[in-house]
Amino acid sequence: MPTRVLVVDDSKISRKMIIKSLPKDWDIEISEACNGKEALDGYHAGKAEVMFLDLTMPVMDGYEALEILKKEGLNTFVIVVSADIQPKARERVISLGAMDFIKKPIDTDKVNEVLKKFGII
Amino acid sequence: MNMAALSQDQTETLQEVVNIAMGQAGDSLARILDVFVELSVPRISLVEVAKVVPTVCDLLDDCDDIFAVRQAFHNNEQLRGESIIIYGEAGCSDLADLMGYNTDEITADDFRTESELLLDVSNILSGACLNGIANQLKTELSYSAPSIMAQHAALQDVMSHENLPWNKALLVEVNFGLENSDFKSHLLILLTEEAIDSLGHSLDMFLENL
């Protein structure tokens, strides 16, 4: 059964870049969301065994989405993919339960490394 | 005359390119000030220069007195423009504190100190942001020295047509705020019509290589 992957970013280009960086032989079912609120909707609909989450988004940003997910028990692997590369941004998302942080522009090798590190692939 | 314009795909690509560059600029500022820098979603719009003031007023929420620093840039093709960083007056003393300036004792050199401070910060933000954009679009930019455009001035006076020698402006607006501070800055990037066409071509190349 394919792994359900949710890609959350307000930028269509960025979502495209993230999807293109995923391993070609990874059996997945991809859904997309444009902000934190849509990410939570996708999560509640069971579309997010793995979530790639941007931070700076309109409507609801990635931090707020992570806080809510944490309160709800966080039953998903969240990998933050963000242009906000401040060390404190990384610390904050890890403290909110994100598994890892990948800086933009996203790099295929880094995605592979993170997915392998957590036994996702 | 037809307005030079970017397609929707080009605009979205530029928004993401600016987003990445803005993150690099924010990181540079955060490391120097040792404070968390709050970033906004970049906004991009193409406007006639005559409409820059009302558009920027809308973007800034209010139009109190401001400080502004400008810096011209160009590459060896047609990309040519100017960055303008606008600071609200309220947050500048917070910034001075963070940079280690003594804001308790007002001296005759205050204006000079303030100018140095704002030029320093502008160099960091503008340089990191523009370099970030240029690197992604595989071009190199040359810069003029940044200069103070206005101090304690009204936005309407600063952004007058006489001060902006462009027909139209691609307003690329990114905001930087400092956590627990009133400091806010707004970086505007203004481009010539020819530069907008050149930028569109660079964005197409970037998209093709995705």
Does B/V37 reach the side chain of A/K88, with side-chain heavy atoms less than 4.5 Å apart? no

Run the side-chain contact (heavy atoms from CB on, under 4.5 Å) test on A/K103 and B/I20 for me, step by step, so that the C-alpha distance in whole Å, both residues' side-chain angles and the decisive distance to 0.1 Å come before the verdict. CA-CA 9 Å; A/K103 72 175 183 180; B/I20 290 169; over 6 Å; no

Full working for side-chain contact (heavy atoms from CB on, under 4.5 Å) between A/Q86 and B/V35: CA-CA 10 Å; A/Q86 299 174 72; B/V35 67; over 6 Å; no

A/K116 atom NZ, neighbour heavy-atom count above 12 within 6.0 Å: no

Taking atom CG of A/N75 as the centre, report whether more than 12 heavy atoms of other residues, nucleotides or ligands fall under 6.0 Å from it. no

Residue A/K104 excluded, over 12 heavy atoms near NZ under 6.0 Å: yes

Please classify the contact between B/D34 and chain A as side chain, backbone, both or neither, with a heavy-atom cut-off of under 4.5 Å. both

B/E179 portion near chain A, given a 4.5 angstrom heavy-atom threshold: side chain

So, for B/L210 and A/K16, which heavy atoms are closest and what is the spacing to 0.1 Å? CD1-CD, 4.4 Å

Hey, what do you get for CD1 (A/I13) to CG (B/L207), rounding to the nearest 0.5 Å? 4.5 Å

Region of B/S28 in contact with chain A, defined by heavy-atom distances below 4.5 Å: neither

Which one of A/T56, A/N35, A/D54, A/D61 satisfies the side chain to side chain contact (heavy atoms under 4.5 Å, CB included) criterion with B/V41? A/T56

Looking at side-chain heavy atoms only, is the closest gap between B/D27 and A/P87 below 4.5 Å? yes

Tell me, for B/V17 versus chain A, whether the close heavy atoms (under 4.5 Å) come from the side chain, the backbone, both or neither. neither

